[in-house]
Amino acid sequence: MQRADEKDLFRSCIMAMGSGVLIQDADGAIVDSNEAAASLLGISRHDLVGLTAVHPGWAALRDDHSDLPAEEFPSSVALDTGAPVRGVVMAAHTPAGERRWFVVDALPLRDRSGALQGVATLFDDITAQRLAEEELALAQTRLRQTREAAAVGLWEWDLRTDELWHDEGVTAIVGGRVESIAHWLTLVHPGDRPRMEKEVEAVLSGQHTQEVHYRARVLDGTERVLLQRAVVVEWEGERPARLAGTTVDSTALVRATERAEHLLDCMTDAYFVVSPQWQFEYVNREAERVLARTRSEMVGSSIWELFADAQGTEFQRQYERAMAGVTVEFEAYYVGLDCWFEVRAHPVSDGIAVYFRDVTERRASALERERLLLSAEVAKRELAHAATHDGLTGLPNRSAATEWLGAELADASDSGDPAVLFIDLDRFKLVNDAHGHAEGDLILIEAGRRLSRSVPPEVMIARLGGDEFVVGIPRCRSLQHARGLAEELLKAFQEPFAVGDRRFVVTATIGIALAAPGATSLTLLSDADAALYRAKDQGRNRYGVFDDEVRDRMVARLHMEADLREVLDRRELLAYYQPVFSAATGEAVGAEALARWPHPELGFMPPDRFIPVAEETGLIIPLGETMLDHAMRDHDEVRERLGADGATLWVNVSARQLDDPAFASRVLARAATLSHPGLLGIEITERVLASTPGAADVLAQIAAAGVRIAIDDFGTGYSSFARLARCPVDTIKIDRSFIEPLTATSGQPLVAAIIELAHAIGADACGEGVETSEQLDVLVDLGVDTVSGYLLARPAPLDQIGRSALG
Ligand code: C2E
Ligand code: CA
Ligand code: CA
């Protein structure tokens with residue numbers, strides 16, 4: 001997931017939340033909020049922006065109704081301490097003056113580096129709970145106060161005479177004089193009468209005295225709630241003879257209590273209060289439902305007896321904390337009901353009040369969401385890793401290496417600048433091609449491991465791609481230090497690589513560059529690359545250092561590239577032609593086109609110097625096209641001068657040209673203009689055939705149209721017999737290095753073998769670079785089909801092509 005997506009997800013989560021959310025910056029100013037926050041605070045999201053805790057409109061209160069100063073707001077505390085603040089109960093006022101109670105969490109927000117950026121405040125409205133609770137508490141206090149106050153009616157009942165006496169207090173309460181207990185009972189509300197009668201009986205049978213609340217329609221006709229208490233003051237043997245008691249008018253009180261209880265009952269949260277002795281004091285209707293117990297079962301019972309399986313769990317730990325005076329908030333699983341509960345418990349005057357709700361379902365979906373977020377997080381981390389790491393070896397990739405170098409260069413210190421070792425595996429392409437990419441990959445992985453093992457931990461190793469690795473030395477002390485490391489690395493490649501039961505010797509060549517003043521990661525890498533090229537020129541399995549000589553060569557190369565471009569643009573590149581003769585008849589049978597660059601100082605720039613530059617820079621494509629154009633244009637004249645109407649004109653083609661998808665069609669379009677397509681031939685080196693995966697297909701396409709194919713420089717390129725046999729080859733050109741040492745007494749077996757091989761795949765064998773008649777004689781004896789060389793004819797411009805033939 002991209003970072004932007006992640007932010008969007010986070011935002012939409014916040015916007016959809018039922019809780020209010022405020023996002024404040026490091027100065028405590030609100031920068032964002034959700035709809036819930038706006039509606040809970042009664043301020044639009046727009047108007048919330050910029051407000052801070054010091055805004056006087058909040059008129060904030062603590063849990064105990066004292067003023068809450070701005071610096072004690074949960075968000076202020078979180079910003080101050082950098083630590084989250086949870087479960088703070090506070091009140092704030094809306095612009096309309098309405099007081100709202102909230103329970104608030106404040107979470108510090110940090111950026112990736114861990115620096116405090118701001119704070120997120122999450123809050124829920126608990127005003128309804130709070131009001132109900134306050135009212136209940138008030139009612140209970142009043143009850144206590146009323147009981148404690150002496151404003152009660154007193155009465156006495158003589159059981160022997162059934163005589164009832166009461167004082168003025170009772171008269172005031174019941175609105176007149178009550179004659180007898182029977183009379184009193186008629187005042188009791190019919191619904192409460194059976195209970196009252198039972199109570200009377202209980203008292204008469206000598207049981208302990210009871211406190212009874214009951215409704216009554218008193219003598220003035222009004223409905224009241226009375227609280228009655230009775231004590232036996234005289235006994236006759238086992239039986240009570242005289243009762244005395246008090247009557248309290250608790251109408252107002254009970255009404256308030258009822259109202260509070262009604263409020264609590266209407267609450268969607270379950271609610272109960274437990275005493276310091278852990279007895280249920282009050283339970284609302286929702287709690288009855290959720291806990292599947294009735295109020296009468298619970299009130300007066302011990303929570304730990306009724307819900308024994310909550311003992312020793314999170315519930316007990318948290319309730320004990322609440323009992324000790326802390327507001328707690330938690331989510332926990334209750335095994336007895338197989339439910340997850342979200343719980344908030346806070347101390348009240350006499351015990352703790354507990355709000356809770358069943359969140360099993362919400363939790364299931366939250367878990368699912370968390371799982372999704374987690375997998376998104378993992379995917380994101382993998383993506384980030386993939387962006388900076390090479391999938392094959394697990395090493396940092398090119399962009400990570402560049403970044404590392406950039407940071408090291410920026411960090412340049414007295415102890416030294418970074419150095420780069422550019423590593424290229426020798427002959428890797430051949431292994432890869434001969435044995436397949438799977439084995440090649442295994443070698444790359446092993447190479448990465450060997451490199452990692454050979455360097456100290458502070459050194460960076462990356463794979464740039466293909467068989468190129470780079471090693472970065474931070475604060476390199478000296479060139480000597482880098483050389484030492486290069487030697488270590490070369491040693492790591494001495495052991496052959498084992499793949500399956502095969503073993504391959506894959507050596508490495510290394511270019512070293514030290515950061516020069518003003519170096520960037522790119523110049524440093526390209527310096528090391530230039531040093532690597534130089535080392536390769538001098539033979540592989542070694543290291544080379546980027547020094548003034550390499551720098552000069554690099555500069556010369558750049559100049560050469562510019563010059564070559566100009567030569568091509570100005571159409572100054574020439575074609576020379578070198579005739580090829582039949583070994584059997586001595587007749588000319590073809591000619592090879594060779595590129596010539598007329599150079600103001602050198603006379604001619606040698607192809608061995610400019611062809612590699614053309615290959616590297618891609619200029620070989622226009623150069624190759626120019627040569628094909630020359631050949632097509634000169635074709636008739638070359639054949640005429642050679643006196644061979646059927647002579648084939650051979651043009652050299654490089655790997656880059658074969659990779660060009662339009663190449664085959666361009667060659668074929670030209671061949672089509674000839675009287676016979678076999679009058680055109682292309683030469684590719686054995687090295688190109690061996691190392692260009694698509695070469696065989698392109699060649700097959702060209703050969704199918706009748707254009708001829710020659711494999712150049714044969715014997716130097718490690719191509720496999722199988723690959724060669726699959727190729728539609730007309731001619732195999734034996735490399736000059738085999739011809740040169742050829743005499744009547746030496747070098748014959750190798751050349752004989754190549755000629756035999758050519759014939760075995762149905763191709764002609766051509767001996768090129770023939771300089772002596774001895775070489776020529778031996779070649780003819782060995783059965784070579786065609787020959788060329790300075791002995792016979794030098795490459796020459798069109799107008800100087802001779803008719804020379806073997807004599
Ligand atoms: P090559 O394809 O092997 O071409 C034969 C080279 O051997 C030519 O060198 C030629 O002048 C030289 N040669 C011919 N007979 C003798 C001999 O008896 N003794 C000696 N010592 N050398 C002889 P040249 O023209 O300098 O080209 C060098 C290489 O440059 C060519 O080797 C070929 O690989 C490349 N090249 C030349 N022209 C082109 C071109 O148009 N396109 C491409 N892609 N490569 C070219
Ligand atoms: Ca050639
Ligand atoms: Ca050759």
Side-chain angles (χ1 to χ4, degrees), residues 564 567-568 572-581 590-599 602-632 634 648-660 663 667 680-689 692 695 708-717 729-742 751 754 758 765-776 779 784 786-797 800-802 804 806:
L564 179 58
V567 166
L568 286 171
E572 285 172 1
L573 190 85
L574 304 176
Y576 271 35
Y577 297 96
Q578 182 174 34
V580 180
F581 303 91
E592 179 178 3
L594 293 160
R596 290 293 177 268
W597 171 356
H599 198 274
L602 298 174
F604 280 105
M605 171 75 77
D608 288 335
R609 278 181 64 187
F610 69 82
I611 294 292
V613 175
E615 300 249 20
E616 261 172 53
T617 55
L619 286 173
I620 194 71
I621 306 247
L623 185 149
E625 286 294 300
T626 305
M627 290 304 287
L628 272 169
D629 288 342
H630 279 312
M632 299 312 291
D634 297 343
T648 299
L649 211 48
W650 296 96
V651 179
N652 293 286
V653 164
S654 81
R656 284 285 278 268
Q657 284 173 279
L658 282 182
D659 277 342
D660 180 4
F663 177 70
V667 169
L680 179 63
I682 64 167
E683 294 188 5
I684 66 153
T685 63
E686 190 197 7
R687 215 176 276 275
V688 168
L689 179 69
T692 312
R708 306 178 70 180
I709 310 283
I711 304 300
D712 207 352
D713 300 347
F714 192 85
T716 60
V729 179
D730 281 286
T731 301
I732 282 186
K733 301 183 80 172
I734 307 165
D735 191 66
R736 241 174 31 232
S737 60
F738 296 98
I739 307 292
E740 208 198 328
L742 199 60
V751 175
I754 298 175
C766 172
E768 69 173 354
V770 180
E771 293 182 346
T772 68
S773 46
E774 191 180 7
Q775 289 165 344
L776 180 65
L779 280 170
V784 83
T786 55
V787 284
S788 68
Y790 293 170
L791 175 72
L792 308 165
R794 287 187 172 255
Q800 287 168 36
I801 297 174
S804 50
L806 298 175

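Side-chain atoms are counted along with the backbone in the values below, which use heavy atoms only and exclude waters and symmetry mates. Just so you know, ligand 1 is whichever comes first in the structure, and atom 1 is the first atom listed for that ligand.
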J.: With no hydrogens and no angle check, is any side-chain donor or acceptor of Arg596 less than 3.5 Å from a backbone partner on Leu574?
T.: no

J.: Considering only heavy atoms, which of Arg736, Arg794, Glu771 lies nearest to atom 5 (C) of ligand 1?
T.: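 When every heavy atom of Arg736, Arg794, Glu771 is considered, Arg736 comes closest to atom 5 (C) of ligand 1.
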
J.: If you count the atoms of ligand 1 from 1 in the order shown, which ones are under 4.0 Å from a heavy atom of Pro795?
T.: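 So the atoms of ligand 1 that pass are 11 (O).
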
J.: If I consider every N, O or S atom in Glu768, which one ends up closest to the Ca ion (ligand 3)? I only need its name.
T.: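 Restricting Glu768 to its N, O and S atoms, the minimum distance to the Ca ion (ligand 3) goes to OE2.
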
J.: I need the nearest protein heavy-atom contact for atom 24 (P) of ligand 1: residue, atom name and distance, please.
T.: Pro607 CG, 3.8 Å

J.: For Val770, counting its heavy atoms only, list the atoms of ligand 1 lying under 4.0 Å from any of them.
T.: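 Matching atoms, with element in brackets: 18 (O).
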
J.: Drop me the distance from Ile682's CD1 to Asp712's CG, to the nearest 0.5 angstrom.
T.: 11.5 Å

J.: At what distance is the nearest protein heavy atom to atom 29 (C) of ligand 1, and which residue and atom is it?
T.: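 For atom 29 (C) of ligand 1, the nearest protein heavy atom is Asp608 OD1, 3.4 Å.
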
J.: Got a sec: is Asp735 within less than 3.0 Å of the Ca ion (ligand 3) via an N/O/S atom?
T.: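 Looking at Asp735, which is the residue asked about, there is no N, O or S atom under 3.0 Å from the Ca ion (ligand 3).
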
J.: Distance to 0.1 Å, residue and atom name: give those for the protein heavy atom nearest to atom 41 (O) of ligand 1.
T.: Met627 CG, 3.2 Å

J.: Have a look at Asp712 and say which of its N, O or S atoms is nearest the Ca ion (ligand 2).
T.: OD2

J.: Nearest protein heavy atom to atom 18 (O) of ligand 1, by residue and atom, and its distance?
T.: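 Heavy-atom neighbour on the protein nearest atom 18 (O) of ligand 1: Tyr790 N, 2.7 Å.
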
J.: How long is the gap from CG on Asp735 to CZ on Arg687, to the nearest 0.5 Å?
T.: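 Those atoms lie 9.0 Å apart.
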
J.: Within the side chain of Glu572, is there an N or O that forms a donor-acceptor pair under 3.5 Å with the backbone of Trp597?
T.: no

J.: Do the non-hydrogen side-chain atoms of Glu768 and Glu592 ever get within less than 4.5 Å of each other?
T.: yes

J.: Output the atom name for the N/O/S atom of Asp713 with the smallest distance to the Ca ion (ligand 3).
T.: OD1

J.: Checking the side chain of Gln775 only, and the main-chain atoms of Glu740 only, is there a donor and an acceptor separated by less than 3.5 Å?
T.: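 Side chain of Gln775 to backbone of Glu740, a donor-acceptor pair under 3.5 Å: yes, one is there.
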
J.: Could you tell me the separation between the CG atom of Leu568 and the OG1 atom of Thr626, rounded to the nearest 0.5 Å?
T.: 5.0 Å

J.: Would you call Ser788 and Phe581 a side-chain contact if the rule is heavy atoms closer than 4.5 Å?
T.: no

J.: What's the spacing between Ile684 CD1 and Ile711 CD1 if we round to 0.5 Å?
T.: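 Nearest 0.5 Å value for the CD1-CD1 distance: 4.5 Å.
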
J.: Between Asn652 and Glu683, is there a donor-acceptor pair closer than 3.5 Å when you use the side chain of the first and the backbone of the second?
T.: no

J.: Which atoms of ligand 1 sit under 4.0 Å from any heavy atom of Gly769?
T.: 15 (N), 16 (C), 17 (C), 18 (O)

J.: Look at the side chain of His630 and the backbone N and O of Leu573, then say whether any donor-acceptor pair between them is shorter than 3.5 Å.
T.: yes

J.: Can you tell if the side chain of Leu628 reaches within under 4.5 Å of the side chain of Val653, non-hydrogen atoms only?
T.: no

J.: If the cut-off is 3.0 Å, does any N/O/S atom of Asn652 fall short of it from the Ca ion (ligand 2)?
T.: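 Yes - counting backbone and side chain alike, Asn652 has an N, O or S atom under 3.0 Å.
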
J.: Just to check, does Glu768 reach to within less than 4.0 Å of ligand 1 when the distance is taken from its heavy atoms?
T.: yes

J.: For ligand 1, note which part of Arg596 has a heavy atom under 4.0 Å away: side chain, backbone, both or neither.
T.: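 Side chain only.
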
J.: Heavy-atom pairs closer than 4.0 Å: do any link ligand 1 to the side chain of Thr685, the backbone, both, or neither?
T.: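 The answer is neither; Thr685 stays 4.0 Å or more away.
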
J.: Distance check, rounded to the nearest 0.5 Å: Asp659 atom CG versus Ile620 atom CD1?
T.: 12.5 Å

J.: I'd like the name of whichever of Thr626, Asn652, Ile620 reaches closest to atom 40 (C) of ligand 1 through any heavy atom.
T.: Asn652

J.: Report the part of Ile611 (side chain from C-beta onward, or backbone N, CA, C, O) that has a heavy atom under 4.0 Å from ligand 1; answer both or neither where that applies.
T.: side chain

J.: For ligand 1, is there an atom lying under 4.0 Å from some heavy atom of Gly624?
T.: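 No; Gly624 lies far enough from ligand 1 that no heavy-atom distance drops under 4.0 Å.
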
J.: Can you check whether a protein heavy atom sits less than 4.0 angstrom from atom 32 (O) of ligand 1?
T.: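 No, there is none.
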
J.: So, does Glu592 sit close enough to ligand 1 that a heavy atom of it is under 4.0 Å from the ligand?
T.: yes

J.: Just by distance, do the side chain of Glu686 and the backbone of Thr716 share a donor-acceptor pair under 3.5 Å?
T.: yes

J.: Would you say the side chain of Met627 lies within less than 4.5 Å of the side chain of Gln657, judging by non-hydrogen atoms?
T.: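 Gln657 vs Met627: side chains apart.
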
J.: Would you say Ala595 and ligand 1 have an N/O pair spaced under 3.5 Å apart?
T.: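 Indeed, backbone or side chain, Ala595 has an N or O that close.
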
J.: Any chance you could measure Glu774, atom CD, to Leu779, atom CG, to the nearest 0.5 Å?
T.: 11.0 Å

J.: Between ligand 1 and Asp712, is the shortest N or O to N or O distance under 3.5 Å?
T.: yes

J.: Within 3.0 Å of the Ca ion (ligand 3), is there any N, O or S atom belonging to Glu683?
T.: no

J.: Of all N, O or S atoms in Glu592, identify the one at the shortest distance from the Ca ion (ligand 2).
T.: OE2

J.: Identify, for atom 15 (N) of ligand 1, the protein heavy atom at the shortest distance, and state residue, atom and that distance.
T.: Gln578 NE2, 2.9 Å

J.: Quick one: are Tyr576 and Gln800 in side-chain contact, heavy atoms under 4.5 Å?
T.: no

J.: Under 4.0 Å from a heavy atom of Leu594: which atoms of ligand 1 are those, numbered in the order shown and with their elements?
T.: 4 (O), 8 (C), 10 (C), 11 (O), 25 (O), 37 (C), 38 (N)

J.: Would you mind running through ligand 1 and noting each atom that sits below 4.0 Å from a heavy atom of Asp713?
T.: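 This gives 3 (O) as the contact atoms.
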
J.: Looking at atom 11 (O) of ligand 1, tell me if a protein heavy atom falls under 4.0 Å from it.
T.: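 Given the 4.0 Å limit, the answer for atom 11 (O) of ligand 1 is yes, a protein heavy atom qualifies.
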
